[in-house]
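Quick caveat: nothing in here was measured; it's all calculated off a predicted structure.
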Amino acid sequence: MTLTYIHWNPDEKLIDFGFFAIRYYSICFMLAFVASYLVMRRQFDKYHFNMALLDKLSTYVFLGTIIGAKLGHCFFYYLEYFL
């Protein structure tokens, strides 16, 4: 059996608490942030960089990713609304 399409449903919930739901893509974002932080922490230790810089970098990466993902979603899926 061959997969001929990918079904993307961002409203599909992994865990639903009623007032709050955890979705698959939020788990992927969280894992990516944690994994990248761990890799960069190892690199900062290896090259003796200041760990305060890593905290600032992580904050900027987190904010940039979330804001960029939201803007990309708006521009790619709801462009006619904004035009």
Side-chain angles (χ1 to χ4, degrees):
M1 183 172 163
T2 304
L3 180 65
T4 57
Y5 65 93
I6 296 174
H7 178 70
W8 170 249
N9 183 7
D11 293 328
E12 194 170 323
K13 299 171 185 168
L14 182 64
I15 301 171
D16 191 2
F17 296 108
F19 62 94
F20 180 73
I22 297 175
R23 293 176 169 83
Y24 289 105
Y25 64 87
S26 61
I27 296 293
C28 290
F29 268 114
M30 183 185 66
L31 290 174
F33 288 133
V34 169
S36 65
Y37 181 82
L38 293 174
V39 168
M40 289 305 295
R41 188 175 69 183
R42 180 175 282 187
Q43 292 297 315
F44 271 56
D45 281 340
K46 181 178 177 181
Y47 293 109
H48 306 293
F49 288 131
N50 187 358
M51 284 298 168
L53 294 175
L54 178 60
D55 293 339
K56 285 184 181 182
L57 176 65
S58 299
T59 302
Y60 291 136
V61 167
F62 178 78
L63 291 174
T65 301
I66 299 300
I67 292 168
K70 188 60 176 176
L71 285 175
H73 178 79
C74 292
F75 289 145
F76 290 124
Y77 297 111
Y78 299 107
L79 183 61
E80 66 276 354
Y81 174 77
F82 292 104
L83 292 177

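Taking hydrophobic clusters as Ile, Leu, Val, Met, Phe, Trp and Tyr residues chained together by side-chain heavy-atom distances below 4.5 Å, Tyr77 shares a cluster with Tyr81. A single hydrophobic cluster is seen to contain both Leu63 and Phe29, as judged by linkage of ILVMFWY side chains at heavy-atom distances under 4.5 Å, directly or through other members. Follow the hydrophobic side-chain contacts under 4.5 Å out from Leu31 and you reach Ile22 in the same cluster. Under a hydrophobic clustering in which Ile, Leu, Val, Met, Phe, Trp and Tyr are joined whenever their side-chain heavy atoms come within less than 4.5 Å, directly or via other members, Leu71 and Leu83 fall into the same cluster.
Listed by chain and residue number, nothing satisfies the ring pair (Phe, Tyr, Trp, His ring centres under 6.0 Å) test with Phe75 (two or more places apart in sequence, or in another chain). Listed by chain and number, the residues in a ring pair (Phe, Tyr, Trp, His ring centres under 6.0 Å) with Tyr78 are His73 (sequence neighbours excluded).
You'll find the side chain of Tyr37 reaches within 4.5 Å of the side chain of Asp55, heavy atoms only. At a threshold of 4.5 Å between non-hydrogen side-chain atoms, the residues Leu57 and Met40 count as touching.
In this structure, NZ on Lys56 lies 9.0 Å from CG on Asn50, to the nearest 0.5 angstrom. Here the straight-line distance linking atom CZ of Arg23 with atom CG of Asp16 works out to 8.0 Å at 0.5 Å rounding. Put simply, CG on Leu38 and CZ on Phe33 are 13.5 Å apart, with the number rounded to the nearest 0.5 Å.
Of all non-hydrogen atoms in Phe44 and Leu54, the two that sit nearest each other are CE2-N, 3.5 Å. Of all non-hydrogen atoms in Arg41 and Met51, the two that sit nearest each other are O-CE, 3.7 Å.
Phe17 and Phe20 have parallel rings, their planes meeting at less than 30° on a 0 to 90° scale where 60° marks the start of perpendicular.
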